[in-house]
Amino acid sequence: MLFTQFNFSTELLDGISASGYETATPIQEKVIPIIIEGHDIIASAQTGTGKTAAFLLPIMDFLIKHGESNQVRALLLVPTRELAIQIGQHIEGLSYFTNISSIAIYGGNDGQNFVAEKKALQSGADIVVCTPGRLLAHLKMGYVSFTGIDFLVLDEADRMLDMGFQEDINSIIAHLPSKRQNLLFSATMPEKIRKLARSILNNPKEINIAISKPPDKIVQQAYIVFENQKLPLVKHLLQSITHRCAVVFCGRKQDVKQLTKELKHAKLLVAEIHSDLSQQERETALQHFSSGRIPIVVATDILSRGIDIDTIDLVINYDVPHDGEDYVHRVGRTARAEAVGRAITIVSQQEQGKFAGIEHLIGQVIEKPILPTELGDAPSYNPTTKRKSDNKSKQRHYKRTPKK
Ligand code: AMP
């Protein structure tokens, strides 16, 4: 489903496309219309499913369409400072072309931040994302007014309860107006979450997006490489692994085009599929592929859902997919029907953390074979290595001026 189908304002659509999102994830498809209709929600959804944008986008669209105000309009409670920072960055990206202001408030930083947070709370940043303890510290000082709140979001609610935030959450809610829309997201749904939901939510719609897992008969592997080893490795794999039909997935269509060129240059018989091609061109490519005339197709995730070609016996992820859901869909293109299949993911240094997240999500540690010696030394596998984007965490997340 395309984001244009949600009737979002243009400046939000610009932010969505600048963030690189093309189609809505399953949870976004389900959750966004319900939030737009004004219902409360209780959703079981894990990280990696696109749940953050699922609640951020309809909230932002509401804020854009209901004009500017100098009050806090949406309060997002999260368990950890890392998640607060990450959501703050998400908001910055998606709201880039809007006038929406936001701040991430979390404990454990210096007094200077406290002053900036106080200022943002007093002047009414539109969206406040915070850990419960730190917010309570501000609330106790008496300068915070939440009378303009339209939305309360509890993200990773199960973790918040596990971390002992129940009482803090109750104290914060006591400061909110009773007429508001409540959205609760949780990876698991134990009874204590249902109890919390009953006390906070008003006649909620329930959404359940359980992530499926790749079938056991798919042999999954991952090579850990330096970025410049990706191309030689994909060529090596396609040339050395006997296959009938292979799909190579890339997250971005530019990469599909470039890789197709490189593989053709290496004398491989390849077709490409991405959204810059017409429907007719895509269908022809797919037909050549499924009939066996062209044994390799390089494609974006538009091919990761729905196609059912039972001769695909090799899937190569040229990059780590955005989320666990996409990973499962990509590797699920192989081993259809009774066939056995192999799925290989090529993981660069920057992608190690993301890949570990996917392993966590599907509950499997994927085998990591040694890189063929002719391709040189591989980096060591250390998924706790900070990703590039983590450096941004030092930024302040408060902006009032539109960045047109
Ligand atoms: P989340 O489950 O919210 O932590 O999101 C997981 C990752 O998916 C984040 O890196 C998001 O930026 C990304 N993401 C969210 N929605 C989409 C989408 N519709 N298309 C592509 N990537 C997305």
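Atoms within each ligand, like the ligands themselves, are counted from 1 in listed order. Values in this document were obtained by computation on a predicted structure and should not be read as measured data.
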- Message: Other residues, nucleotides and ligands only: do more than 12 of their heavy atoms fall within 6.0 Å of NZ on Lys257?
- Response: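 Counting other residues, nucleotides and ligands, NZ of Lys257 exceeds 12 neighbours.
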- atom 18 (C) of ligand 1: which of Phe55, Tyr21, Phe185 has the nearest heavy atom?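 Checking each option, the heavy atom nearest atom 18 (C) of ligand 1 is found in Tyr21.
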- Hey, does Lys354 sit under 4.0 Å from ligand 1 if you only count heavy atoms?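 The answer is no, since Lys354 has no heavy atom less than 4.0 Å from ligand 1.
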- Task: Take every heavy atom of Asp326, measure it against each atom of ligand 1, and state whether any distance is under 4.0 Å.
- Result: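 No, Asp326 has no heavy atom closer than 4.0 Å to ligand 1.
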- Task: Give me the ring orientation class for Phe3 and Phe6: parallel if the planes are under 30° apart, tilted from 30 to 60°, perpendicular past 60°.
- Result: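 Answer is tilted, since the angle falls between 30° and 60°.
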- Task: Classify the angle between the aromatic ring planes of Tyr143 and His138 as parallel (below 30°), tilted (30 to 60°) or perpendicular (above 60°).
- Result: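 Rings of Tyr143 and His138: perpendicular, over 60°.
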- What are the two closest non-hydrogen atoms of Leu231 and Tyr318, and how far apart are they?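 Leu231 and Tyr318 have their closest heavy atoms at N-OH, 3.5 Å.
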Hey, is ligand 1 close enough to [X] that some N/O pair sits below 3.5 Å?
X     : result
Gly20 : no
Gln86 : no
Thr52 : yes

- Query: Using 4.0 Å as the upper bound for N to carboxylate O, is an ion pair formed by Arg134 and Glu117?
  - Reply: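 Yes, Glu117 and Arg134 are salt-bridged.
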- Are Glu262 and Gln258 linked by a side-chain donor-acceptor pair shorter than 3.5 Å?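 There is such a pair between these side chains.
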- Task: Using a strict 4.0 Å cut-off to heavy atoms of Phe3, name the atoms of ligand 1 that fall inside it.
- Result: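 Checking each atom against Phe3, I get 19 (N).
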- Per-atom contacts, ligand 1 versus Thr23 - under 4.0 Å to a heavy atom: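 So the answer, numbered in order with elements, is 18 (C), 19 (N), 20 (N).
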